[in-house]
2 protein chains.
Amino acid sequence: MELNERMKTILAAVVHSYFTTAEPVSSSIIAQKYHLNLSTATIRHEMYLLEKNDYLWQPHTSSGRIPTDKGYRFYVDNLMVKNYLREKEKREIIQIYKKSKEFEEAMKTTSQLLSKLTDNIGVVLAPVIYNNIVKEIQFVAVGNNRILTVIVTDAGLVCQKIVNVSGEIDKDRLNYLSNFINSKLAEKDIDITNLNNILLDELEKIISLQERFNYVYNFLEECFNIRYSENKVYLDGRINLMKHPEFKETDKLNYILSLIEEENILAATIRGYLGFRKTKIIIGKESKLKEMQNCSLVTSEYSIKGKSAGAIGILGPTRMDYPRMISITEYISDKLSEILSEF
Amino acid sequence: MELNERMKTILAAVVHSYFTTAEPVSSSIIAQKYHLNLSTATIRHEMYLLEKNDYLWQPHTSSGRIPTDKGYRFYVDNLMVKNYLREKEKREIIQIYKKSKEFEEAMKTTSQLLSKLTDNIGVVLAPVIYNNIVKEIQFVAVGNNRILTVIVTDAGLVCQKIVNVSGEIDKDRLNYLSNFINSKLAEKDIDITNLNNILLDELEKIISLQERFNYVYNFLEECFNIRYSENKVYLDGRINLMKHPEFKETDKLNYILSLIEEENILAATIRGYLGFRKTKIIIGKESKLKEMQNCSLVTSEYSIKGKSAGAIGILGPTRMDYPRMISITEYISDKLSEILSEF
DNA sequence: ATTAGCACTCTCATAGGGAGAGTGCTAATT
DNA sequence: AATTAGCACTCTCCCTATGAGAGTGCTAAT
């Protein structure tokens, strides 16, 4: 069924009122607060139709109405008015970011900003590295039997790993090795995912010539074995959950807490939604995760030097101020992109 | 008032029964479950005295009794029977640790182990570095205008920092610099806290002689400026809170959630209790933090190569199985010490 | 010193009732 | 044909009452 204009107006009013008060919305509230010049009976009739079409639902007969996931979806896709951050808010965000001189700090600041500005949970996925071109590899002997491998990518991301080796470390050989590898890297663009295969193939050739490289082979294999599955996630504002009346019910709180406990699952979920467009909104049961059924997630991708790198987002009850969540997420992802590109 | 033997027995029984059932303990329950060969009236009389002396309290007149913080304290200090982990459990812990090849992994594994084994929140404070002797410093140019500084301490801890520099990096100068610094480090034991002062003093001398070092001065100042306040904390098992009936009450949950939201405060609190003895127990209001008033914290220090490095702990409701919490915390801290010492 | 006995207190579950909010339906109005 | 007034009906919420049950404190007897 196609919604007529009046139904759209009423749906938008219900979404707005329910977001504001967290109470089921009655026909008289719509009539009073939104000046539609309609009687409550007429509004009631339209709400009845909206309910029949799954845009609204009632906790019990003779109570006011609450938007369904479908109702929120229609609102987000067709009804909501874009929100713009005030200049003052933008300045404050920029001001706070000025203090972030390092990568880790920028990530933390971002999740804090997201949670403070939205009163929800702020989520930041660290940049993925696997589609990056490897620009440079350095080996640093730390102590007597450990080597710190530093991989620098074209986007300027730095990826480190400490590997234990048996036996003394010969610094000259280590130098020779890194010079050799870096010369190979300069020749062609090697994706970090292929690092292992390509470089070890190259090394095979030398090893057959120069036996003395043999001892580093195992160590290199370990160095290049970067675990892509390990997605660092920065979360902030869990306590904000307690501000929302929907999470007064223990089982709903339980769901969302177990969602944010398993950071890997949350990260994988967010990644699963990426790539289609910059900002993405997942409302309640639209997610396959049962833990997310009472929540909405607004995510926005950020980039480093123009190349998509990761995503930020906010997680809260489905009853949220979607226009504002979107504008905040988008603005912050833009700023984060700028900052990370400068590093 | 000095507690007589019978009062001690009854107090221990109340603590045990309340831990098991989470229900206020009545005189008849004590009589039935703990076979003291006393009538309920006698037990009631002793409980009355225990209450008068603040070891027990009643939620309301004519209800059973619950231990107070003081009651738990007396139990922990004088009554509880030491618990020993079963060999099977020890083996399982060792087995799980075998997978941890890296520092970061060991930290995460530890917090997970703590939370899984105790059904409470597992806390791990990363090793503090400020009382370590600096053994070695390496500079690695990453990209064109960034330098990765790697500081290795005598305990084998590695501390890294990326610093932006303006202008091109001369690799020969960087080498010269690190050789110079490492020679100075070999001469005397420099505490990491004094790194900045001492080395920059030394550099001053050279700079006056060799003008070309001037450009690195600012950069070094930034490199050595390690922020000690930044205490990395690993937390796991927040969801376990929901298993305990005491946190069904929203405001109690609120308190503990805000405690674990501010990881820095939690870390500082735990650090504040360290040093006196290996294992420390903080019960409810014994902590000055109002957020901790419904919780207990059991912490145990771990060491690296015999030198105290950090602490692990578990955080849960005051109604907890103290003997078991202690044995788990102590055993895991021992294992963690071993693993970190081997790295 | 211990205990049996008992009155007393408080919680908890249940039921009833009245107020209030809000709906759905129908008949009247525009 | 669309809108609305009117009204019966439903459901929640809050208050009160009531009785059972658990547990205590006290006293007198053992």
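This structure is a prediction, so every number in the text was calculated from the model and none was measured. In what follows, every chain begins at residue 1, and chains take the letters A, B, ... in the order their sequences are listed.
The pair A:Asp54-A:Lys70 does not meet the salt-bridge criterion, since no charged nitrogen lies less than 4.0 angstrom from a carboxylate oxygen. A salt bridge does not link B:Glu330 with B:Lys278: none of the charged nitrogens is closer than 4.0 Å to a carboxylate oxygen. A salt bridge is absent between B:Arg73 and B:Asp69; no separation between the charged side-chain nitrogens and carboxylate oxygens falls under 4.0 Å.
Between the CZ atom of A:Arg6 and the P atom of D:dA1 there is a distance of 16 Å, given to the nearest Å. Atoms CZ (A:Arg65) and P (D:dT12) sit 15 Å apart, rounded to a whole Å. A:Lys52 has its NZ atom 15 Å from the C1' atom of C:dT23, to the nearest Å. In this entry the distance linking CE of B:Met7 with C1' of C:dT2 reads 16 Å, nearest Å. Going from atom CG of A:Leu50 over to atom P of C:dG24 covers 12 Å, rounded to whole Å. Between the P atom of D:dG23 and the OH atom of B:Tyr18 lies a distance of 14 Å, rounded to the nearest Å.
Applying the 6.0 Å contact sphere to NZ of A:Lys52 captures no more than 12 heavy atoms from other residues, nucleotides or ligands. The neighbour count for A:Tyr48 OH, taken as heavy atoms of other residues, nucleotides or ligands under 6.0 Å away, does not exceed 12.
Under a 3.5 Å cut-off, the side chain of B:Thr118 and the backbone N or O of B:Leu114 do form a donor-acceptor pair. Under the 3.5 Å distance criterion, the side-chain polar atoms of B:Glu89 are matched with a main-chain donor or acceptor of B:Arg86. Checking side-chain atoms of A:Ser63 against main-chain N and O of A:His60 turns up a donor-acceptor pair under 3.5 Å. The main-chain N or O of A:Arg319 is never found under 3.5 Å from a side-chain atom of A:His244 such that the two would form a donor-acceptor pair. Looking at A:Asn120, its side chain never comes within 3.5 Å of a backbone N or O of A:Gly316 through a donor-acceptor pair.
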How does DNA chain D look in dot-bracket form if you count Watson-Crick and G-U pairs under 3.5 Å, write [ ] for pairs that cross, and put | where a base pairs with another strand?
||||||||||||||||||||||||||||||

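Across residues 30-49 of chain B, B:Arg44, B:Tyr48 each have a non-hydrogen atom less than 4.0 Å from an atom of DNA chain D (numbered order). The stretch residues 53-63 of chain A comes close to DNA chain C through A:Gln58, A:Ser62, A:Ser63, each having a heavy atom under 4.0 Å from the strand.
Using cut-offs of 30° and 60° for the angle between ring planes, the A:Tyr72 and A:Tyr322 rings count as tilted.
With distances taken from any side-chain atom of B:Ser27 to the nucleotides D:dT3, C:dT2, D:dT24, the minimum falls on D:dT24.
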